[in-house]
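Structure first, commentary second.
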Amino acid sequence: MSEEKKSLNFLEQIVEEDLAKGLDKHKLKFRFPPEPNGYLHIGHAASICLNFGLGIKYNAPVNLRFDDTNPSKEEQEYVDSIKKDIEWLGFKWEKELYASDYFQQLYEWAIELIKLGKAYVDDQSSEEIAQQKGTPTQPGVNSPYRDRSVEENLELFERMKKGEFPEGSHVLRAKIDMASPNMLMRDPIMYRVLKKAHHRTGNEWNIYPMYDWAHGESDYIEQISHSLCTLEFKPHRELYDWFLDQVYSNKNLRPKQREFARRNISYTVMSKRKLLQLVEEKIVDGWDDPRMPTISGLRRRGYTPESIKKFSEVAGIAKRDNVTDIALLEFFVRDQLNKIAPRVMAVLDPVKVIITNYPKGKEEWLEAENNPEDENAGSRQVPFSRELYIEREDFKEEANKKFFRLSLGNEVRLKNAYIIKAESVAKDANGTITEIHCTYDPLSKSGSGTEESKRKVKGTLHWVSIQHAVKAEVRLYDRLFLDEAPDGHKDKDFKEFINPNSLIVIENAYLEPSLQTAKPLDKFQFQRLGYFCVDTNSTSDKLIFNRTVPLRDTWAKIEQKN
RNA sequence: UGGCCCAUGGUGUAAUGGUAACACUCCGGUUUUUGGUACCGUCAUUCAAGGUUCGAGUCCUUGUGGGCCAACCA
């Protein structure tokens, strides 16, 4: 077996360089740092696969650290969902940690900074502070409180902590440089007063640290060797390093922040704010609606962890803005489901077929292969009888030679059963076909080995026996947005591009009886239709199937062209 | 009008100074009891212009285009 050399992405190269420069490989440590203010989505999967992938590759620990410094947005529900999703993807974290675990340490370090004259309490409003901050092209001006004495700062900060001041009245700021070309270095806020209950620390704190102050120091406390984040944090790196300088001792490892481009996907939105909006405005059925690009949505849609991981791996990691084609993700689910999903027959838009020369009351149980791609998948029995359903679109009274399906006077094979020929139709008053009368060739049974069974016919149809069929609700999902980049239009709201047909519910689909016992999240290929997954709310009394993705459909393409 | 980052087929990545690779999509074809799968084939001289070099997608300069930065969010 020749093993293909995989090229390293630029972050792996950085790790390799650090190793080459003498970094002890046992000191490699990574972290995945979600904020528990929303559900994980496919973009996070890139970061998860990157960090945990690095952990696997170098046999290094990866911490799961919740960045929970803002109690007004964060909730336990999100913590739980995030843990569930990471586990479902198949990754194991070394330690479950929280930025809030470090609140005390962070507080003590802040006091040290005050004592060193590197931090001060500012009494101004956020508006005043914003005004003094300048703009990217103009330097800021110093706060009038910038040169308070250490004693006064210490006392004020203590009172902030005790809850003596209302929210918004005081902040602790790092004293850096109001004229820095980097806005983040213009005396950034380290603490604000927030009298909110925290999901872990309750009412213990009246002040909460800001991201920049908490994140790098948390990395340092955990001795994370490589702290990987998305591109928009690039300007934060200077501040990350500045804060690190304040506490760093060369006896310890110094964490390194590096940035990569977030993964965008066509025909969807990825920001948690917008996803939350879809949930709150009930445009979708919750964070795990199968149309959502969340991990939980994809799971309910029928995606597998493997397909998501493969997608993340192949899409890769780089530094340029990107919009990856959703078709790549769909390719990987199909690719895996093709190998593992049992084939079954289901008719979504039924029209009745009566086989006039098949005896009334007779039934046969025919053998059907479960998966031609998996020889260990075995087979099952499906019932055949005189009255069947086939898809309405599989029949035309008259058809040209490109139509490989059933038409009057022509033969077609019923999958795993017999060759039938359409003889006549019955219609209702509107002209809608209500019955197709066919005859079958008794010698043409699938697998019987007869000459008749080997006869070439143009097409093969799926079907179900009416008297044996089980009913189910089938939900046909399509992309949630009609535009490739719904949030890429400056003058238009992303919701203007919502696909009105993103969900089509078929109340009464007919399935072969073997599906009666299907359990939530079981995956199947409905032959000739697509891959379907049993919904999490499905029961044996009320079966519900979600369409994960349709099969590739070259016939639909041919038809579209005409 | 400041600072930083980025630029390779339709899309996403690779090529680490030595003559553009892989995957997806699209289009065309072969096989097929799923118009599926599998298999085969077509699709770029790397944003532009200069420069360094025997040799540049890769290094330098200048443009051009895109992104990020003025939350008591992360």
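Throughout, a chain's letter reflects where its sequence line sits, starting with A, and its residues are numbered from 1.
As rounded to the nearest Å, G29(B) and U64(B) have C1' atoms that lie 42 Å from one another. Comparing the P positions of C4(B) and U16(B) gives an interatomic distance of 28 Å, to the nearest angstrom. Distance noted for atom P between A21(B) and A14(B): 16 Å (whole Å). Rounded to whole Å, the separation between the C1' atoms of C24(B) and U62(B) comes to 37 Å. Using C1' as the reference atom, A44(B) and G57(B) are 12 Å apart when rounded to the nearest Å. With both ends at atom P, the span from C73(B) to A15(B) equals 41 Å, rounded to whole Å. Using atom C1' as the reference point in both U42(B) and G28(B), the two lie 7 Å apart (nearest Å). Annotation: G10(B) and C26(B) have their P atoms spaced 15 Å apart (nearest Å).
Under the Watson-Crick or G-U wobble criterion, with both distances below 3.5 Å, U33(B) is left unpaired in every strand shown. For G2(B), the paired nucleotide is C69(B), the pair qualifying as Watson-Crick or G-U wobble because both relevant distances are below 3.5 Å. Judged by Watson-Crick or G-U wobble contacts below 3.5 Å, the nucleotide U52(B) has no partner. Nucleotide U13(B): paired with A21(B) (Watson-Crick or G-U wobble, both distances less than 3.5 Å).
Taking atom CD1 on I317(A) and atom P on G12(B), their separation rounds to 14 Å, with Å as the unit. A straight line from OH of Y120(A) to P of C72(B) spans 12 Å, rounded to a whole angstrom. Per the geometry, CZ belonging to F260(A) stands 18 Å off P belonging to C5(B), to the nearest Å. Rounded to whole angstrom, the span from the CE atom of M270(A) across to the C1' atom of A74(B) amounts to 17 Å. Per the geometry, CZ belonging to F404(A) stands 13 Å off P belonging to U32(B), to the nearest Å. For the pair K319(A) NZ and C68(B) C1', the interatomic distance rounds to 12 Å; values are reported in whole Å. Rounded to whole angstrom, the span from the CD atom of E411(A) across to the C1' atom of U33(B) amounts to 14 Å. The distance from atom NZ of K557(A) to atom C1' of C27(B) is 9 Å, rounded to the nearest whole Å.
Ring centroids of Y98(A) and F66(A) are separated by less than 6.0 Å, placing the two rings close together. Residues Y303(A) and F332(A) place their aromatic rings such that the two centres sit no closer than 6.0 Å. F311(A) and F331(A) have their aromatic ring centers separated by at least 6.0 angstrom.
Ranking G35(B), U34(B), A74(B) by closeness to the D553(A) side chain, first place goes to G35(B). Out of U37(B), C72(B), C69(B), the shortest distance to the side chain of P235(A) is found at C69(B). Comparing G35(B), A74(B), G2(B) by their closest approach to the side chain of T137(A) singles out G2(B). Counting only heavy atoms from C-beta on, P372(A) has its side chain closest to G36(B) among G36(B), C73(B), G3(B). Closest to the R192(A) side chain, of the nucleotides C72(B), U37(B), U1(B), is C72(B). Nearest to the side chain of R552(A), among U25(B), C24(B), U34(B), sits U25(B). Each of G35(B), A14(B), A70(B) was ranked by its minimum atom distance to the side chain of S7(A); first place goes to A14(B). Of the listed nucleotides (G2(B), U33(B), C72(B)), C72(B) has the atom at the smallest distance from the side chain of V171(A). The nucleotide whose nearest atom lies closest to any side-chain atom of T135(A) is, among G36(B), A70(B), C5(B), A70(B). Distances from the side chain of K415(A) to the nucleotides U13(B), A74(B), U34(B) place U34(B) closest.
Within 4.0 Å of V323(A), counting heavy atoms only, lie sugar-phosphate atoms of the nucleic acid but no base atom. Looking at heavy-atom distances under 4.0 Å, N182(A) makes no contact with the nucleic acid at all. Among the heavy atoms of the strands lying under 4.0 Å from T69(A) are primed sugar atoms or P, OP1, OP2 only; no base atom is included. Residue Y208(A) is out of contact with every strand shown, counting any heavy-atom pair closer than 4.0 Å. In this structure, K456(A) reaches the sugar-phosphate backbone alone: every heavy-atom distance under 4.0 Å involves primed, P, OP1 or OP2 atoms, never a base. Residue contacts shown for E35(A) are limited to sugar-phosphate atoms, with no base heavy atom under 4.0 Å away. At the heavy-atom level, H236(A) lies under 4.0 Å from base atoms of the strands shown.
Inspection of the S379(A) and E367(A) side chains reveals an N or O donor paired with an N or O acceptor under 3.5 Å.
In this structure, K161(A) satisfies the cation-pi test against W205(A), with its NZ or CZ atom closer than 6.0 Å to the six-membered ring centre and inside 45 degrees of the ring normal.
The side-chain ring of Y211(A) is not stacked on the base of A74(B), judged by centre separation under 5.5 angstrom and plane angle under 30 degrees. Applying the 5.5 angstrom centroid cut-off and the 30 degree plane-angle cut-off, the aromatic ring of F331(A) is not stacked upon the base of A23(B).
Residues A346(A) and F526(A) approach most closely at CB-CD2, 3.5 Å, considering heavy atoms. R192(A) approaches P209(A) most closely through the heavy-atom pair NH1-O, 2.8 Å.
For E238(A) and G3(B), a side-chain-to-base donor-acceptor distance below 3.5 Å is absent, hydrogens and geometry of angles not being considered. Side-chain atoms of R528(A) stay outside donor-acceptor range of the base of G35(B), with no qualifying N/O pair under 3.5 Å. With hydrogens and angles left out, the side chain of T460(A) and the base of U34(B) share no donor-acceptor pair within 3.5 Å. If you check distances only, the side chain of Q138(A) never reaches the base of U1(B) with a donor-acceptor pair under 3.5 Å.
Mapping G459(A) and D68(A) onto RNA chain B via the closest heavy atom, the residue that lands nearer the 5' end is G459(A). When each of A318(A) and L8(A) is assigned the nucleotide of RNA chain B with its nearest heavy atom, A318(A) is the one assigned upstream, toward the 5' end.
For K234(A) and G3(B), the shortest distance from a side-chain N or O to OP1 or OP2 is not below 4.0 Å.
Side-chain N or O atoms of N51(A) include none that pairs as donor or acceptor with a backbone N or O of L228(A) at under 3.5 Å.
Annotation: the span from Y39(A) atom OH to L275(A) atom CG amounts to 12.5 Å, rounded to 0.5 Å.
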